[in-house]
Amino acid sequence: KLVGNSSQEKALYFRNVLLKDALFVQALYREYQELSNIIDFKVKHTFDYMQEIIKDTTNQWDHLSKIFTKENNLGKLQEITLGAGDTHNGGKSVSILKFSCGKNVVYKPRDLQLEKGFYDFIQWINQQERENSLDLRAAKVHFIEHAGWVECIEYKTCETSEQIKRFYYRTGQLLGILYAVNGKDFHYENIIAQGEYPILIDLETFLHPDLHTVDKNNASASMIANEIISSSVDGIGLLPSPIINNKTNKSVDVGGVGAEEVQVSPFKSTFIADIDSDQVRITKDYGLLGTQKNNPNLNGIVLKSKDYLEQ
């Protein structure tokens with residue numbers, strides 16, 4: 001029986017008293033055996049994965065220090081934050097490593113040869129003589145066979161309107177590169193505005209082969225239209241890209257230089273409601289999509305890409 005004069009007090013009693021009672025926990029695990037199995041697996045998996053991060057980072061310490069610091073010294077590894085991005089290789093998540101020198105480095109549990117190739121490609125482009133082009137930036141990378149480390153790109157605001165214009169001009173240059181290689185899925189979570197530099201931070205779909213094409217002689221008008229859109233710059237995801245729920249006509253913008261404001265998702269998602277009460281339950285509702293770090297900011301104002309179409 002839960003003890004308390006309110007739903008909140010009863011929830012606190014469950015967490016602070018019952019879950020610390022060994023006999024209660026044993027009975028709970030006997031009744032919910034699969035829950036116990038999942039918790040055991042999750043704890044062991046997390047412990048093993050953190051050991052893997054520490055081992056990999058220790059073995060590559062000298063390389064990482066040279067790549068990610070000017071002083072060639074990262075210092076001590078102080079903190080590991082799991083769950084900072086997508087999961088790979090059996091549920092291992094992108095993680096943030098915090099070092100005593102003040103630097104954060106992103107650890108990704110997958111092959112990062114593509115990211116390193118993109119970084120080298122951007123350096124090569126910057127060395128070429130090009131008319132009407134600005135320099136670009138890419139995240140620094142170091143990789144081993146099964147994992148890699150990526151520069152943690154920090155969001156920075158702009159100080160002048162000219163920097164804003166250059167941000168969108170550079171975005172156009174990136175758009176041209178992505179179109180040339182059929183890049184996809186560069187939505188608002190995969191780009192960070194570092195002052196006047198738009199920087200791509202997830203390149204898993206940088207090279208995207210089209211394995212299926214529409215037979216225009218037998219396809220419907222909508223199928224043909226979708227393929228035209230998908231094969232155009234609109235299909236990259238970098239431009240404002242609305243996703244529409246056709247049943248409700250509600251939409252949300254997830255474009256790389258869109259999503260400037262908090263939005264209501266047009267699709268219902270699963271949530272835990274009343275988590276701080278004894279009425280806690282799983283429910284479905286329209287969630288909020290918060291703003292990210294993809295748009296430039298001037299004097300505390302997030303600017304909209306539609307106002308810079310001429311760039």
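Keep in mind that this is a model prediction, so the values were computed, not measured. Along the sequence shown, residues are numbered consecutively beginning with 1.
- In the hydrophobic clustering of ILVMFWY residues, with side-chain heavy atoms under 4.5 Å counting as a link, I228 and I236 come out apart.
- Under the 4.5 Å side-chain criterion, counting only non-hydrogen atoms from C-beta, L289 is in contact with V252.
- Evaluated for a side chain to side chain contact (heavy atoms under 4.5 Å, CB included) with V94, the options L82, T81, V106 yield exactly one hit, V106.
- With sequence neighbours left out, the side chain to side chain contact (heavy atoms under 4.5 Å, CB included) criterion links Q33 to S36, N37.
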List the steps and the verdict of side-chain contact (heavy atoms from CB on, under 4.5 Å) for D307 and L303. CA-CA 8 Å; D307 297 328; L303 301 175; over 6 Å; no
With side-chain contact (heavy atoms from CB on, under 4.5 Å) as the test, would you mind laying out the steps for K92 and I53 before giving the verdict? CA-CA 10 Å; K92 299 174 182 178; I53 293 175; over 6 Å; no
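- Residues K10 and G4 come closest through the heavy atom pair CE-O, 3.4 Å.
- Of the candidates I80, V105, N104, I96 forms a side chain to side chain contact (heavy atoms under 4.5 Å, CB included) with just one, namely N104.
- Taking the side chain as every heavy atom from C-beta outward, N72 and D62 never approach each other to under 4.5 Å.
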What do the steps show when you test Q173 against R130 for side-chain contact (heavy atoms from CB on, under 4.5 Å), and what is the final call? CA-CA 12 Å; Q173 292 179 218; R130 301 165 295 145; 3.7 Å; yes
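- Salt bridge status for K304 with E261: present, with a side-chain N to carboxylate O gap under 4.0 Å.
- For the residue pair T205/K184, the side-chain donor-acceptor check at 3.5 Å is not satisfied.
- For D278 and S7, the side-chain atoms include at least one donor-acceptor pair closer than 3.5 Å.
- A donor-acceptor pair shorter than 3.5 Å cannot be found between the side chains of Q292 and N294.
- Here W61 and F99 bring their ring centres to under 6.0 angstrom of each other.
- You'll find the side chain of L207 reaches within 4.5 Å of the side chain of L114, heavy atoms only.
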Begin with the C-alpha distance, continue with both residues' side-chain angles, and end with the deciding distance and a verdict on side-chain contact (heavy atoms from CB on, under 4.5 Å) for D276 and R15. CA-CA 10 Å; D276 292 323; R15 289 200 298 267; 3.9 Å; yes
Please report the C-alpha distance between E196 and R137 in whole Å, then the side-chain angles of each, then the deciding distance to 0.1 Å, and finally whether the salt bridge (charged side-chain N to carboxylate O under 4.0 Å, His left out) criterion is met. CA-CA 10 Å; E196 61 183 81; R137 285 183 183 174; over 6 Å; no
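- Cation-pi check for K247 over F267 is not met; the charged atom does not lie both under 6.0 angstrom from the ring centroid and within 45 degrees of its normal.
- Formation of a donor-acceptor pair under 3.5 Å by the Y169 side chain with backbone atoms of N132 is found in this model.
- Each ring pair (Phe, Tyr, Trp, His ring centres under 6.0 Å) pair with one or both residues in residues 182-210, not counting sequence neighbours, appears once here: F118-F206.
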